[in-house]
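Structure, as structure tokens:
Ligands are counted one by one from 1 in listed order, and the atoms in each one are counted from 1 as well. The first residue in the sequence is number 1, and the count goes up from there.
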Amino acid sequence: MQTISNYNFKGKKALIRVDFNVPLNENFEITDDTRMRAALPTIKKIIEGGGSPIIMSHLGRPKNGPEDKFSLNPLVNHLSELLGGATVKIAPDCIGDEVKKMANNVQPGEVLILENLRFYKEETKGDEGFAAKLAENGDCWVNDAFGTAHRAHASTAVIAKFFPTDKMFGYLIESEVKSLDKVVKEPQRPFTAIMGGAKVSSKITIIENLLDKVDNLILGGGMTFTFVKANGGKVGGSICEDDFLDTAKNIQKLAVEKGVNLVIATDVLAADDFSQDANTKVVPSGEIPEGWEGLDAGPESIAMFKEVIEKSGTILWNGPVGVFEIEKFSGGSVAIGNAVVEATKNGAFSLVGGGDSVALVNQFGFADGVSYISTAGGALLEYLEGKTLPGIAAVRGE
Ligand code: AMP
């Protein structure tokens, strides 16, 4: 298989599928450029090899064709800055004669960004004709968008057939797969997964799958209360999915059967309002009064989580254990972050992934203290579930 390290990019127009789906504020300023930075090693390698990167990405969820607010325009200058002043141009579209002409005229060392792929419905439908038109803009295809690798879209998978030999992973996907395999294939034990976030429903498949792999499973955040209620506790106004009470019971049963140490908060920081001005008190997680809701882990739970994390050989962390966006309820997630960093210092391999977790580690400065941060959400979860990702299979020719 071709790899980015040994491919000769000299004089080549390299079509790279990246995940530049960055958050923009109302002034179209990039509020977090992690995903752009993640693609830099690949882009630089192509430039240094004498090629021209032709960048393909989606941004947001445009519904019916082109919309200014989903244009990739706001990324042009920032990418140029990140590349030390390289010339970065943007095409008015991602397919068509004009775009092809621009791609043909790109000089070695220059970068061309194609306009948002999702201005065409054909992209997400995986349309072969559309993929063929995209393919006309380059001499080789580099897939570096791990975030969309679980989708069989035109630019992430279908396009592969137009580059039977000249196709490869970018450095980001290469390193994602290597790091994930450290967790999925040969974890150093004990292996601890920390699953937080709002709902059980969005994480159920991965939780069930992890039960076959982990030694410890810490379940935190909003999903705590579905478990607490399933066990007969009182959850007050806490977020709780009544349709998933049986699911929660079943997870607990499976954990016992599989010998997994399931760790769920025993106390929580409850609040009388979802705000920084709320009154708060620590209560047992099954004794939350009416009018109060659990918004963070309590001190006893934090101590329990820490003890498990600090003894771990492999840690997978997805999702905050409280409403970390509000400072008053960020203590539990910060304590988890510190424990993960401590364990990593002592030799554990720690992988943090999922949109919110990445924001969290960046916001609280844990990024340098963990082994690997995955920029992917859905793709990460599907990989951990053991599924074949179309964007990976397409490059491997599977
Ligand atoms: P997810 O996307 O499922 O990982 O959920 C992340 C979100 O869960 C964050 O925005 C948190 O604010 C939220 N969250 C964490 N703990 C709680 C909680 N106890 N109650 C309500 N929301 C929570």
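Proximity to Lys203 (heavy-atom distance under 4.0 Å) selects the following atoms of ligand 1: 1 (P), 3 (O), 4 (O). For ligand 1, the atoms sitting less than 4.0 Å from at least one non-hydrogen atom of Phe225 are 19 (N), numbered in the order shown with element in parentheses. Numbered from 1 in the order shown, with element, the atoms of ligand 1 that lie under 4.0 Å from a heavy atom of Ile239 read 20 (N), 21 (C). If you number the atoms of ligand 1 from 1 as listed, the ones under 4.0 Å from a heavy atom of Gly221 come out as 16 (N), 19 (N). Near Gly294, meaning under 4.0 Å from one of its heavy atoms, ligand 1 places the atoms 18 (C), 19 (N), 20 (N).
Applying the ring pair (Phe, Tyr, Trp, His ring centres under 6.0 Å) test to every pair with at least one member in residues 123-167, sequence neighbours left out, gives these pairs: Tyr120-Phe130.
Under a 3.5 Å cut-off, the side chain of Ser301 and the backbone N or O of Thr266 do form a donor-acceptor pair. Between the side chain of Glu293 and the backbone N or O of Asp272, no donor-acceptor pair lies under 3.5 Å.
At under 3.5 Å, not a single nitrogen or oxygen of Phe274, backbone or side chain, sits near a nitrogen or oxygen of ligand 1. For ligand 1, the polar-atom distance check finds an N/O of Glu325 within less than 3.5 Å of one of the ligand's N/O atoms.
The shortest contact between atom 6 (C) of ligand 1 and any protein heavy atom is with Asp356 OD2, 2.9 Å. At the shortest separation from atom 15 (C) of ligand 1 among protein heavy atoms lies Gly322 O, 3.2 Å. At the top of the distance list for atom 3 (O) of ligand 1, counting protein heavy atoms only, stands Ala198 N, 3.2 Å. Looking at atom 22 (N) of ligand 1, its nearest protein heavy atom turns out to be Val323 CG2, 3.6 Å.
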* For Lys234 and Glu290, run salt bridge (Lys or Arg N to Asp or Glu O under 4.0 Å): C-alpha distance rounded to whole Å, both residues' side-chain angles, the deciding distance at 0.1 Å, then the answer. => CA-CA 9 Å; Lys234 292 196 172 63; Glu290 280 311 317; over 6 Å; no
* To do: Applying salt bridge (Lys or Arg N to Asp or Glu O under 4.0 Å), run through Lys89 and Glu110 and close with a yes or a no.
  => CA-CA 8 Å; Lys89 294 177 181 160; Glu110 288 183 359; 3.4 Å; yes
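Looking only at atom types and distance, the side chain of His58 has no donor-acceptor partner in the side chain of Arg151 under 3.5 Å away.
Heavy atoms of Glu293 come nearer than 4.0 angstrom to ligand 1 in no pair at all.
The side chain to side chain donor-acceptor pair (under 3.5 Å) search around Glu29 returns Asn25, not counting sequence neighbours.
In Phe329, neither the side chain nor the backbone holds a heavy atom less than 4.0 Å from any atom of ligand 1. Contacts of Leu295 with ligand 1, taken as heavy-atom pairs under 4.0 Å, involve both backbone and side chain.
You'll find the side chain of Trp317 reaches within 4.5 Å of the side chain of Ile336, heavy atoms only.
Using cut-offs of 30° and 60° for the angle between ring planes, the Phe364 and Phe324 rings count as perpendicular.
Electrostatic pairing of Glu136 and Lys100 counts as a salt bridge here, judged by a charged N lying under 4.0 Å from a carboxylate O.
The residue among Ser330, Ser202, Gly237, Gly222 with a heavy atom at the shortest distance from atom 17 (C) of ligand 1 is Gly222.
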